[in-house]
Amino acid sequence: PKMFQNLTIATRLKATLGLLATLLVALSALALWQMGRMQASTQEITANWMPSVETVNKMDGDLADLRLAEYSHVLNQDDKATAAIESHMAAVRKAFDDTHAAYAKLISSPEEQRLHDDFMADWTRYAQFHDRLMVLLRKHDIESAHTLMDSEGKALFGRMAGGLAKLVALNHDGAVAERRNNEAAYNGARAMLLGAAVLGLLLATGAAVWLVRAITGPLNQALAAAQRVADGDLSVRIVATSQDEAGQLLQALDRMQSNL
């Protein structure tokens, strides 16, 4: 276009460098955005899903430890030994409460909250069962305690184990889904960056060709005109097609030729 032909060489250089700088900034911004997406997915996995799985598994281990301690109490009649077992059960219940408090802060969805509430309802019933069991054991009513363990205790423990398994599965599935999101973000970032790089290369190449032609074309024309004048050939009119520095040079050569 005529308007581009009249641009000075300095303006064309600035426009080309500005285009390249804009492409560089755009690629950097795109890369940072995609990195932010991947970091968010990684943070979700490491700060939520995996800690949730770990704490739920720890709760499951505490409950199993408590259940074993209850059986040990039923089978043990020595007062000193049962006192140690009861002390151990108290420590296990405190550890469970601490772990549960940590897990409760990690709940991140209505579905997880519902599963947690179901589990806690079973845990409340199990705690009540445990208190009744301890009353029987302290009365040395071993037969009743054993019956209670194998009936209500077994059923409640199975329900709690199932509830914790559901919580583990939910958080595991969440971690897997987030990992897939991370992979999708990575693949998307790679495709976008490759596409942007190709587009940038094409634009940069086009700008470079435009700039080189804008400079070398008129200069070659001026050189040819100067060579003809030097050879004494004044018959060919020197025509300038632009108003940039090269065009002004051609105009000056044309006036010089006309005055010879």
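These numbers come from the heavy atoms of this one structure, side chains and all, not from hydrogens, waters or symmetry mates. Computed from a predicted structure; not experimentally measured.
For the atom pair N171 CG and S108 OG, the distance stands at 6.5 Å (nearest 0.5 Å). Separation of atoms NE2 (H73) and CG (L68) is listed at 14.5 Å; rounding is to 0.5 Å. Going from atom CD of E70 over to atom CZ of R67 covers 6.0 Å, rounded to the nearest 0.5 Å.
Side-chain atoms of D65 never come within 3.5 Å of backbone atoms of G61 as a donor-acceptor pair (strictly under, hydrogens ignored). A donor-acceptor pair under 3.5 Å is absent between the side-chain atoms of S87 and the main chain of A83, judged by distance alone.
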Sequence neighbours excluded and cut-off under 3.5 Å, please list the side-chain donor-acceptor pairs for residues 159-166, or say none.
residue, atom, partner, partner atom, Å
R159, NE, D122, OD1, 3.0
R159, NH2, D122, OD1, 3.0

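Scanning both residues, A145 and V74, for their nearest heavy atoms gives CB-CG2, 4.5 Å. Shortest non-hydrogen contact noted between L66 and H130 is CD1-CE1, 4.0 Å. The nearest pair of heavy atoms linking H172 to V53 is N-CG2, 3.9 Å. Between H146 and D150 the shortest heavy-atom distance is CE1-OD2, 2.9 Å.
The residues R132 and E152 are annotated as salt-bridged, a charged nitrogen and a carboxylate oxygen being separated by less than 4.0 angstrom.
For the side chain to side chain contact (heavy atoms under 4.5 Å, CB included) criterion with L137, the lone passing option out of T82, L148, I142, I85 is I142. Checking M59, E54, K58 one by one against Y103, the side chain to side chain contact (heavy atoms under 4.5 Å, CB included) holds for a single residue, M59.
Within the structure, salt bridge (charged side-chain N to carboxylate O under 4.0 Å, His left out) pairs that include any residue of residues 88-106 comprise R93-D131, K94-D98 (at least two apart or interchain).
Ring centroids of H116 and H100 are separated by less than 6.0 Å, placing the two rings close together.
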